[in-house]
Each structure stands twice: as structure tokens, then as C-alpha cells.
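Chain naming here is simple, since letters A, B, ... match the order of the sequence lines and numbering starts at 1 in each. For the numbers below, each heavy atom of this structure counts, side chains included, while hydrogens, waters and symmetry mates do not. In this text the structure is predicted, and so the values were computed from the model without any measurement.
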Amino acid sequence: MTAAIEAPMVTELDALESESIFVFREVAAEFERPVILFSGGKDSIVMLHLARKAFAPAPVPFTLLHVDTGHNFTEVLDYRDQTVAALGLRLEVAKVEDYLADGRLRERSDGTRNQLQTIPLLDAINGHRFDAVFGGGRRDEERARAKERIYSLRDEFGQWDPRNQRPELWSLYNGKHKPGEHVRVFPLSNWTELDIWNYIAREQIPLPSIYYAHERDVFERDGMLLAVGPYSQPRTGETAEKRLVRYRTVGDMSCTGAVTSTATSAEQVVIEVAASEITERGATRADDRASEAAMEDRKREGYF
Amino acid sequence: MSTPIQRQLLRLATAGSVDDGKSTLVGRLLHDCKAILADQIAHVQHVSSSRGTGDFDFALLTDGLRAEREQGITIDVAYRYFATEKRSFILADCPGHVQYTRNTVTGASTADVVIILVDARHGVLEQTRRHLAVAGLLRVPHVVLAVNKIDLVGYDEAVFKGIAKDVSQLANQLNISDVQAIPVSALVGDNIVERSPATAWYDGPTLLDYLESATGRDDTSSRPLRFPVQYVIRPQTDDQYRDYRGYTGTVASGTVSVGDEVIVLPAGRRTSVSGIDRAVISATGTAVAERPSAVAGEAVTVRLADDLDVARGSVIVAANSSPGTRRELLATVCWLSDRPLTVGARLLIKHTTTTAQAIVTKINGALDLDTLGVIDATGLELNDIGKVQLKIAAPLAADPYSSNNITGSFLLIDAHDGWTLAAGMIDDEEGELL
């Protein structure tokens with residue numbers, strides 16, 4: 001038998017924080033034009049917080065990019081714009097609405113837009129010649145994401161090839177790529193939903209208000225609570241009612257579900273998440289239920 | 001108010017041949033640790049019944065790719081996260097198929113524990129030897145030999161002991177000091193989380209008991225300081241920090257304290273540490289807080305007393321224990337590419353924060369998996385483990401891998417397409433890593 005556990009030198013959250021900071025610095029040093037995907041969601045907020053830590057007291061040396069579905073929560077867009085202004089960052093916005101307006105994309109029959117983000121994202125990457133694209137994806141979110149490397153090479157079409165990923169050894173990240181290719185970088189790969197919330201509580205990171213319990217008109221569809229709003233209305237047989245809810249993820253309003261909750265602080269959310277019997281995506285993302293490999297298929301096309 | 005949970009992370013990797021039941025073992029471990037939530041269980045039940053793979057196919061918990069599910073094999077490493085009351089785990093679930101050995105190397109490079117599965121009916125196979133060799137080379141601190149499908153050999157103690165003895169002999173040859181053999185059935189759940197009444201003759205720990213009590217990698221904070229510089233911070237636009245010049249990085253080994261005498265490699269200039277900073281983010285903005293010291297694993301910013309030429313690629317080391325620099329390396333490499341290695345090849349080497357050109361000047365041999373001895377080789381092919389000599393275009397502050405797995409490891413990269421060709425470990429001066 002082995003000896004008892006020694007007192008940890010660096011605790012779990014500190015270890016995760018240091019690992020993420022290391023990744024930000026590697027990218028800043030080795031790429032020409034990195035960009036952070038920033039949606040105003042909790043993972044991208046934690047990602048930006050870590051990026052600030054990596055370069056303090058200097059400013060974050062990256063542009064932000066938001067792929068705007070046009071179906072966003074107002075609270076989240078406000079948070080995004082205030083953050084960008086307060087930190088003096090540059091924000092590029094790629095709008096799905098623009099693509100719908102001129103016919104490059106067409107609205108899906110189910111009205112959801114998460115899947116429509118891929119083309120505007122790839123166009124923005126090509127147009128700005130971004131060579132490293134930070135995403136807030138975590139491997140605990142979804143079974144295809146569990147296969148993702150921290151540095152994920154994408155070809156000129158933005159495609160992910162899970163069979164042909166580069167081996168990723170020690171903390172030696174290989175960012176070499178050919179012209180036209182880019183690298184998706186996931187500094188939060190090893191964080192879990194609970195780690196994210198523990199960290200938000202520890203660092204007292206402000207979030208958009210919809211992450212905490214509030215009253216909202218919702219209706220139930222496929223076991224999910226969808227908000228009544230401009231992009232989603234109850235159909236026949238579905239009834240709207242006022243409930244105390246919060247969001248575990250924020251995305252396209254039309255397919256992101258709320259959960260019933262009384263948590264009004266990060267500490268209370270930690271307790272709820274620790275006790276939850278359902279995963280973040282299982283509880284809140286309709287689009288992942290589309291098929292057995294919905295996320296994998298989208299990632300292969302260039303989704304984040 | 002709850003306080004954030006502060007546990008120690010343990011990193012695991014699995015290895016084993018195809019059909020030894022790795023995915024089932026991992027699924028079972030996660031399931032029995034209650035790390036699988038209701039929606040994931042419902043999904044697996046649904047897919048299991050629609051495919052006719054029984055009520056609950058544990059492998060479907062981890063095999064996430066379409067092709068993996070269709071073929072019933074694991075293609076690429078999947079990372080899983082679970083926690084018990086005692087600690088939290090990052091598990092790299094690695095494929096067993098020989099063509100994906102590079103993924104086993106990937107998973108094992110950061111692992112504190114490698115779980116090697118052997119099918120009780122088949123015993124030690126070539127892949128078992130290869131995975132043991134990889135674990136030994138990468139100096140994984142602990143190896144668990146999970147003798148799986150023990151139910152299919154009637155819970156026979158002699159079968160278990162025979163395999164444990166074979167592996168123990170191999171481990172001795174490969175300098176692996178800590179091997180714990182455990183008889184398990186991933187399918188039934190024997191000795192994974194719950195002790196099995198069917199193996200009353202076995203008095204060792206269950207798999208989970210073992211994982212909860214295993215120590216991590218050696219404490220590297222007591223070793224000599226190594227601090228590879230990643231990026232230089234000079235916020236010249238900010239009045240408060242107009243003269244600030246900080247060198248960021250993660251402490252690779254040892255401890256760095258304000259006032260320490262250090263040497264900056266490769267130039268070899270001596271100076272002292274004048275400050276150690278960590279960022280502080282508050283409602284009012286971003287600043288830095290001074291720290292008296294930092295230990296291995298921490299990402300910090302170091303300031304130096306003298307204005308030296310320090311940039312990415314520099315390594316700040318303890319003045320009394322400098323590794324010096326070298327432009328020639330003797331190393332053991334795991335060849336990870338379909339393109340064979342030949343003498344004279346020009347490659348890129350990535351070592352800590354330096355990327356430089358390298359030429360392979362000699363191939364000193366390859367590992368023979370049957371005898372575990374070194375045989376002559378003129379080239380290395382996919383999955384070969386070999387010994388090479390390299391000439392480097394820039395001086396590297398390198399240590400033997402046996403004393404430092406960060407300053408002792410490197411990648412070899414194809415300069416044309418950027419593909420990672422090999423994982424390298426620098427040999428001890430006296431010679432043999434193999």
C-alpha cells in the first residue's frame with residue numbers, strides 16, 4: 001500500500017488556475033493574432049478573468065469575438081458591453097442576423113440558432129486572420145468535448161478531426177500550423193462546472209443576473225423550462241407560468257433551458273450544482289439532444 | 001456560506017489491449033463513484049437497448065465519438081472528471097489499439113497513476129509490455145495492474161497470481177518500482193469500488209481505495225529551481241507600472257523566493273530575484289500583489305535585480321545548482337508518427353519555452369519488446385521506442401528526465417507541417433534511460 005496523502009502543495013483550484021494561465025501565456029508568446037471567444041456566459045467570463053491574471057498589470061493582449069445569434073438575453077449583452085468598455089478591450093461581433101438578412105444563412109425550421117453560428121465564426125476567423133481562438137469549452141460538458149485537446153488544430157475549413165489529433169504531451173503545447181489553419185485553444189479543458197462555480201465564488205467574479213434566481217415566465221418543453229420571449233412561445237398544450245429560475249448555461253434563448261432555483265449567490269449555486277443529479281447540458285441544451293452525436297457533428301464542421 | 005472545496009488532484013491514465021475492457025472499467029468506476037448523472041444514465045440505457053448491447057453498456061459512458069460507438073473501440077483519449085470525498089481525479093481514458101499508442105503516451109505523460117488492464121483469460125500481451133515500457137519511461141509513479149474479467153476464469157487465484165508475477169518481472173526490468181495488482185471484473189463490478197466476496201483470497205485494496213490513497217508525483221518543490229520564462233510583461237502605457245518589467249512563467253521545480261541568487265540561462269548571467277508577483281483582480285481593476293515566494297506548479301511573475309537580456313526561452317535557475325546548457329542531447333524517444341525517423345533528419349525541437357532546429361546525428365538503438373533489451377536500429381517507426389543523439393541549433397537548459405520531467409522532456413516536430421513526431425526524454429549523463 002502507498003503512504004497517506006500528503007498535505008497538498010497547490011490545491012485543486014490553484015492548480016487549475018495556474019494551468020490555464022500557463023496556456024494563455026503560451027498562446028500570447030507563440031501566435032500572431034489570437035482572439036478570445038466571449039459570449040458573456042460564465043465560462044467565457046472566467047476565461048477572461050484568467051487572461052487578465054496572466055498578464056497583470058498589463059492589459060489582456062487579445063481581441064474578443066462574440067458570435068451573436070440575435071437570440072441573446074439582454075442582461076448578457078449588457079454585461080458584455082460593460083465589460084469591454086471597463087477593460088478597454090476590442091470586441092468584434094459576428095452576427096447571425098447579417099447572414100440571415102442577405103440570404104447566406106436560412107432560419108432553421110425549429111427556430112434555434114446555435115448551429116447557425118458556425119459559418120459566421122469561421123468567416124470572422126478567416127476575415128481577421130485569427131490564428132488562435134480561445135474557447136471556454138470544458139471537457140466535462142459533453143462526450144465529444146471530452147475528446148478535445150487543449151490545443152486543437154483546425155484545417156482551412158475549420159474542421160475538427162478527432163481521429164487525427166496531435167498527441168499532447170506534458171505541458172508542451174504545439175501551436176505550429178500552416179497558413180489558413182488555426183488552433184482552437186481551450187484553457188478551461190480540465191475545469192468542471194463545480195470548479196467554475198467554486199472559482200467564481202472564491203474570486204467574487206460578477207456575472208449577468210440571469211445566473212441567479214429570478215422570476216420569469218417559462219413553459220415546459222421536452223422536460224426543459226424555456227423562457228417566454230420573442231424567440232420562443234408556448235405551443236398548443238404548453239402553458240406559461242411564472243417560476244423562480246436561473247440559468248446554468250446561457251446561449252441561444254430559443255433552446256437554452258432554465259432550472260428552478262432559489263440560489264442568489266455563487267456560494268448557493270455551488271451547493272445546488274454539487275447536489276444536482278443532472279448535467280449542465282442535459283438540463284439546459286435542447287440542441288445537444290438532436291442526435292446521439294450532435295456536438296461531435298457540429299464540432300467537425302467548425303463549431304466550438 | 002460554503003468554502004470552495006480544496007482537494008488534491010490525482011491524474012490517472014488507463015492502458016491495455018483492445019477488448020480488455022478499459023472503457024467498461026472506466027464507465028464502471030465513474031458509475032460506482034456516482035459521477036454519472038441521471039441524464040447520462042438515461043442516454044446510455046437508451047442507446048444500449050436500441051443497439052442490443054444489454055441493459056446498460058458501461059463502455060458507452062466514455063466512448064463519445066460516433067465511430068467509437070459504431071466500432072465498439074476507443075479511438076482517442078477522453079478526459080473524465082470525478083471526485084470522491086477524499087480527492088478529485090482527472091482520468092485520461094486511452095485507447096488500446098496499437099495504432100493509437102501515441103495516445104497512451106499522451107495520457108501517461110501527466111499521469112500520477114497508470115492503470116494497465118490485462119484480460120485474465122489472455123495474460124500479458126505485446127501491448128501490455130509496450131504500455132508497461134511507456135509507463136516506465138515516463139516515470140509514472142504508480143502502476144495498477146487490473147486483472148480484468150476475473151469472473152470469466154472462475155475467480156481463480158492461481159490465474160491472478162500468475163499474471164501478477166509475469167508483470168512484476170517485467171516491471172523490475174523496466175525500473176518500475178510500484179505495481180499494485182488487483183483482480184477485477186469491470187462488467188460485474190468486482191473490486192472496483194466494492195470489495196468482491198468472490199475473491200476472498202485477495203486482501204489488497206479495491207481500485208478506488210488505491211486511487212484515493214496513492215501519492216502524486218514526487219514533490220518537486222524541494223528540487224533546484226527551474227523557471228522557464230514564457231512571456232515578458234512591460235505595461236509601458238500605465239503610469240503606475242511604467243518601469244515594470246516582469247518575467248512570467250510557471251515554476252517547473254523548486255521554490256523561488258525574493259532575494260534568491262539565480263542564474264539566467266542560456267546567457268549564464270548571475271543576478272537576484274527582486275520581486276515575485278501574482279495578479280489581483282478587483283472591482284477597481286487589475287494590479288499585482290507581491291509574494292515572498294512561489295513553489296513548483298505556480299504561475300507567477302518574477303522580477304530581477306539587474307536589467308539583463310531575458311526573454312521567452314530563458315530559464316531562471318538556482319545559482320548553486322545550474323544545469324548549464326547543452327547543444328547535444330542523448331535521449332530516449334517514443335516515435336509517434338507514420339513517417340519514419342532516419343539519421344540526418346532535420347526537425348524542430350520544443351523544449352520548455354524554446355523551439356529550435358535539431359538534427360538527428362545518430363540512432364543508438366531501439367527497445368525490443370520481447371526481451372526489453374536494446375537492439376540495433378537504423379531508423380524508428382511508428383510506436384518504436386528508441387535512443388537518439390540530437391544536435392541542437394540553440395543552447396538548451398536541460399536536465400535529465402529522471403530528475404526533472406519538465407526541463408527533461410521535449411517534442412520533436414515536423415518543420416513543414418507542424419505535426420508532433422516524437423515525445424523525448426533526456427537521458428542521464430551516465431547514459432541509460434532504457
Side-chain angles (χ1 to χ4, degrees), chain A residues 1-6 8-15 18 21-22 25-26 28-29 49 52-59 139-140 143-144 146-147 162-163 165-172 174 176-178 189-190 192 198-199 201-203 267 270-271 276-279 282-283 292-293 296, chain B residues 1-2 4-9 37-40 47 64-66 75-76 78-81 87-88 90 102-103 105-106 109-110 142 205 213-215 219 221 230-231 233 235 238 241 244 248 250 279 281 286-288 295 297-299 312 336 350 405-406 409-411 413 417-420 423:
Chain A
M1 268 309 280
T2 47
I5 300 170
E6 290 163 14
M9 296 303 294
V10 179
T11 61
E12 183 184 350
L13 277 184
D14 291 331
S18 284
I21 287 173
F22 178 85
R25 290 168 173 171
E26 284 300 285
H49 184 87
R52 291 169 69 190
K53 283 203 167 192
F55 303 100
R139 289 173 180 148
D140 79 322
R143 54 192 174 271
K147 298 276 174 182
R163 281 176 186 244
Q165 300 192 81
R166 281 181 186 165
E168 196 158 82
L169 299 132
W170 299 287
S171 52
L172 288 166
N174 176 4
K176 293 275 172 215
H177 59 281
K178 289 185 280 194
S189 284
N190 286 326
T192 63
N198 271 316
Y199 191 70
R202 184 181 94 172
E203 301 281 310
E267 289 80 6
V270 166
I271 294 166
S276 175
E277 290 186 350
I278 197 157
T279 65
E292 206 185 300
E296 178 185 348
Chain B
M1 181 181 144
S2 74
I5 303 160
Q6 295 290 309
R7 287 173 300 215
Q8 196 186 24
L9 273 173
L37 299 182
D39 55 314
Q40 295 168 315
V47 178
L65 299 173
R66 192 186 286 283
I75 288 172
D76 202 349
Y79 292 87
R80 305 287 160 185
Y81 303 82
R87 68 176 7 160
S88 51
I90 298 178
R102 61 170 179 255
N103 294 330
V105 180
T106 295
S109 72
T110 53
H142 313 287
S213 61
T215 51
D219 177 12
S221 58
Q230 282 186 281
Y231 186 86
I233 292 180
D238 187 324
Y241 294 104
Y244 188 94
T248 70
T250 297
I281 293 180
T286 311
V288 290
V295 300
E298 288 190 280
R312 179 175 173 81
L336 308 172
K350 180 159 192 178
N405 69 349
I406 295 175
S409 59
F410 61 85
L411 303 181
I413 295 170
D417 66 7
W419 187 257
T420 300

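- Comparing A/Glu203, A/Arg166, A/Lys53 by heavy-atom pairs within less than 4.5 Å of chain B, the highest count is held by A/Arg166.
- Interface remark: of the candidates A/Ser171, A/Pro59, A/Ala146, A/Ala146 forms the most heavy-atom pairs closer than 4.5 Å to chain B.
- The part of B/Thr110 that comes within reach of chain A is its side chain, from C-beta onward, which places non-hydrogen atoms under 4.5 angstrom from that chain.
- Of all the heavy atoms in A/Ser189 and B/Tyr81, the pair that sits closest is O-OH, 3.2 Å.
- Contact annotation for B/Tyr244: only side-chain heavy atoms (C-beta onward) come within less than 4.5 Å of a heavy atom of chain A.
- Considering only heavy atoms from C-beta on, A/Asn190 stays 4.5 Å or farther from B/Leu9 through its side chain.
- Between B/Thr286 and A/Arg52, the shortest heavy-atom contact is OG1-NH2, 3.3 Å.
- Ranked by heavy-atom pairs under 4.5 Å with chain B, the list A/His177, A/Arg139, A/Lys178, A/Glu168 is led by A/Arg139.
- Summarising the geometry, atom OG1 belonging to B/Thr248 is positioned 10.0 Å from atom CD1 belonging to A/Ile21; distances are rounded to the nearest 0.5 Å.
- In this structure, CG on B/Leu336 lies 6.0 Å from CG on A/Leu169, to the nearest 0.5 angstrom.
- The shortest heavy-atom contact between A/Ser18 and B/Thr250 is O-OG1, 4.4 Å.
- Considering only heavy atoms from C-beta on, A/Pro167 stays 4.5 Å or farther from B/Val105 through its side chain.
- Contact count versus chain B (heavy atoms, under 4.5 Å) is highest, among A/Pro57, A/Ser276, A/Ala56, A/Ala54, for A/Pro57.
- Both the backbone and the side chain of B/Leu411 come within contact range of chain A, judged by heavy atoms closer than 4.5 Å.
- Considering OG1 of B/Thr420 and CD of A/Gln165, their distance stands at 12.0 Å, rounded to 0.5 Å.
- The backbone N or O of A/Phe22 lies less than 3.5 Å from a partner atom in the side chain of B/Gln230, making a donor-acceptor pair.
- Heavy-atom distances place the backbone of B/Ala287, and not its side chain, under 4.5 Å from chain A.
- Contact count versus chain A (heavy atoms, under 4.5 Å) is highest, among B/Ile233, B/Ile281, B/Val288, for B/Ile281.
- Residue B/Phe410 comes nearest to A/Trp170 through the heavy atom pair O-CZ3, 3.8 Å, listed as atom of the first residue, atom of the second, then distance.
- Between the side chain of A/Asn174 and the backbone N or O of B/Gly418, at least one donor-acceptor pair lies under 3.5 Å.
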